[in-house]
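Below, chains carry the letters A, B, ... as their sequence lines are ordered, and counting in each starts from 1.
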Protein chains: 2
Amino acid sequence: MARTKVLVIEDDRELAEVLSYNLRQAGYEVLLARDGSEGLAQAQNSAPDVVLLDLMLPLVDGLEVCRRLRGNPALREMLIIILTARAEEADQLVGFSMGADDYVTKPFSVKVLLERIKALRRRQQSPSDDSDMVTSQGISIDRQRHRAVAGDRALELTLSEFKLLEVLVRQPGRAFSRTELIDAALGDDAMVLERTIDVHIRSLRQKLGEYSEMIETVRGVGYRFREPNFSTP
Amino acid sequence: MARTKVLVIEDDRELAEVLSYNLRQAGYEVLLARDGSEGLAQAQNSAPDVVLLDLMLPLVDGLEVCRRLRGNPALREMLIIILTARAEEADQLVGFSMGADDYVTKPFSVKVLLERIKALRRRQQSPSDDSDMVTSQGISIDRQRHRAVAGDRALELTLSEFKLLEVLVRQPGRAFSRTELIDAALGDDAMVLERTIDVHIRSLRQKLGEYSEMIETVRGVGYRFREPNFSTP
DNA sequence: AGATCAGGTAAACGCCGCGTGAACATTTCG
DNA sequence: CGAAATGTTCACGCGGCGTTTACCTGATCT
């Protein structure tokens with residue numbers, strides 16, 4: 001997956017610096033905006049994954065920013081975390097009703113903030129994430145570059161193998177019937193015997209090497225990509 | 001979707017009452033547990049969507065509860081919100097690292113808590129989340145992943161065993177004749193002796209281990225999955 | 001208590017699903 | 001056009017799964 005992009009909308013220069021530094025340290029890509037309208041523009045331009053939003057902003061109020069962001073369908077998936085000095089309960093309620101995902105009152109610990117981001121992000125990762133990169137269990141697939149990697153080794157896959165692996169990795173744990181795999185990977189109109197899938201799976205497993213066990217056989221059903229936290233002795 | 005189920009694990013009787021009342025008012029279905037082990041048991045039995053978890057609990061510590069809940073593959077979608085009197089930063093960090101989704105310090109406003117739940121739930125709803133999972137009495141079945149779990153242990157079932165268990169768990173308390181089970185689980189056209197079901201039931205019970213009693217024999221009729229709140233001494 | 005019947009248990013066996021290697025067909029590319 | 005790579009089909013063998021069979025255990029009724 002590409003690096004997580006965080007947009008910080010904060011007019012307090014010093015706080016912005018602190019946040020920016022710590023976020024970068026934590027491996028995030030950071031964008032800064034000093035007021036509401038700049039923040040809205042940046043958000044639309046660069047589609048960040050997370051927005052840290054101060055409520056007291058010049059030009060455009062923070063809540064208004066929040067509302068406008070949520071109103072943009074293209075930014076639906078974005079996380080919005082409100083930062084504010086006001087601990088009033090009423091403010092929090094308004095914030096949430098505007099579609100904020102979290103509400104943190106100043107002063108706050110940067111570490112805790114980072115953990116909150118992480119917790120929210122973990123939730124956010126949905127199977128139908130149709131971004132161009134998919135990673136699971138040490139295997140990643142880059143649709144744009146048409147590249148697949150197992151561990152630190154690049155895989156040389158044929159087109160069918162690539163598509164097949166992609167379908168499986170996109171939804172780890174989900175079991176696919178051979179017919180589903182044919183439709184999804186080779187095209188709905190591919191008139192092909194089901195056993196064809198077996199053969200592709202076979203060559204895939206060969207090329208996966210030590211990662212071959214990541215593709216599990218579900219007897220009587222089809223195949224499945226191994227999902228985390230499942231012990232299969 | 002069915003109503004959202006919230007499990008409150010809290011030993012303070014009064015607070016539990018307040019939460020319960022407000023949650024019900026807000027349209028949630030509420031379950032209560034007064035200590036950690038009861039909480040774990042309830043969670044496994046009824047697979048709630050959200051868990052409100054006090055940290056200071058008798059018998060089993062809240063953090064331990066959190067860790068165990070996250071370790072259960074059948075409960076991965078569940079939201080965990082920690083409630084605590086301790087506002088220490090270190091606690092929060094530990095909480096998040098245990099997989100909690102949010103961390104709320106007492107005293108807190110119930111309204112704000114409700115909004116937090118709503119915000120998290122909104123995030124949680126993934127578009128392609130039609131994984132029809134069924135859970136009852138600590139046994140859950142995931143048709144999409146083709147996986148079954150008893151308590152916190154994954155079951156390795158054959159296809160017939162899986163289908164059979166699914167039929168039973170889908171309607172706890174309902175008694176099925178052997179013929180019905182053959183039709184429903186093995187296909188209407190399966191020409192098979194009724195005793196075949198007995199054999200599958202047997203291996204199922206073996207694999208279920210301590211949960212074997214969940215499949216009840218109805219003499220002269222067939223089999224039945226145990227129904228909640230029916231004490232059979 | 002004994003007869004009778006329903007369900008539990010263990011083992012035997014045949015078939016089917018899957019893996020595998022190779023042959024055949026198709027596309028790509030020099 | 002020929003060669004190499006890719007995709008598909010076929011044939012075979014193994015192992016596991018489902019079914020049957022036979023026998024045992026325990027419940028129910030008179």
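- In this structure, the side chains of A:Ile80 and A:Arg70 come closer than 4.5 Å at one or more pairs of heavy atoms.
- Side-chain contact between B:Leu186 and B:Ser160: present, with at least one pair of heavy atoms (C-beta onward) separated by less than 4.5 Å.
- For the OP1/OP2 pair of C:dA6 and a distance below 4.0 Å, the side-chain nitrogens and oxygens of B:Arg178 include no atom meeting the criterion.
- Residues of residues 194-212 of chain A having a heavy atom closer than 4.0 Å to DNA chain D, listed by number: A:Thr196, A:Val199, A:His200.
- Side-chain polar atoms of B:Ser203 and B:Glu161 form a donor-acceptor pair below 3.5 angstrom.
- The closest side-chain donor-acceptor pair between A:Thr217 and A:Arg205 falls under 3.5 angstrom.
- A cation-pi arrangement is present between B:Arg174 and B:Phe176, with the terminal nitrogen or guanidinium carbon under 6.0 Å from the aromatic centre and inside a 45° cone about the axis.
- B:Leu168 has its side chain within reach of B:Leu181: a pair of non-hydrogen atoms, C-beta onward, lies under 4.5 Å apart.
- For the side-chain contact (heavy atoms from CB on, under 4.5 Å) test with B:Ile117, the passing option among B:Thr4, B:Asp101, B:Leu52 is B:Leu52; the others fail.
- Protein chain A contacts DNA chain D over a range whose 5' and 3' limits, counting nucleotides with an atom under 4.0 angstrom from a non-hydrogen atom, are D:dT6 to D:dC17.
- The two residues B:Leu75 and B:Ala43 have their closest heavy-atom pair at CD2-O, 3.8 Å.
- Helix-axis bend for the helix from C:dA1-D:dT30 to C:dG30-D:dC1: the local axis fitted to the five terminal pairs at one end deviates from that at the other end by 30°, rounded to 10°.
- Within the 4.0 Å cut-off from OP1 or OP2 of C:dG17, not a single side-chain nitrogen or oxygen of A:Tyr223 is found.
- Between the side chains of B:Ser212 and B:Gln206, no donor-acceptor pair of N or O atoms lies under 3.5 Å.
- B:Tyr211 places a side-chain heavy atom less than 4.5 Å from the side chain of B:Ile139.
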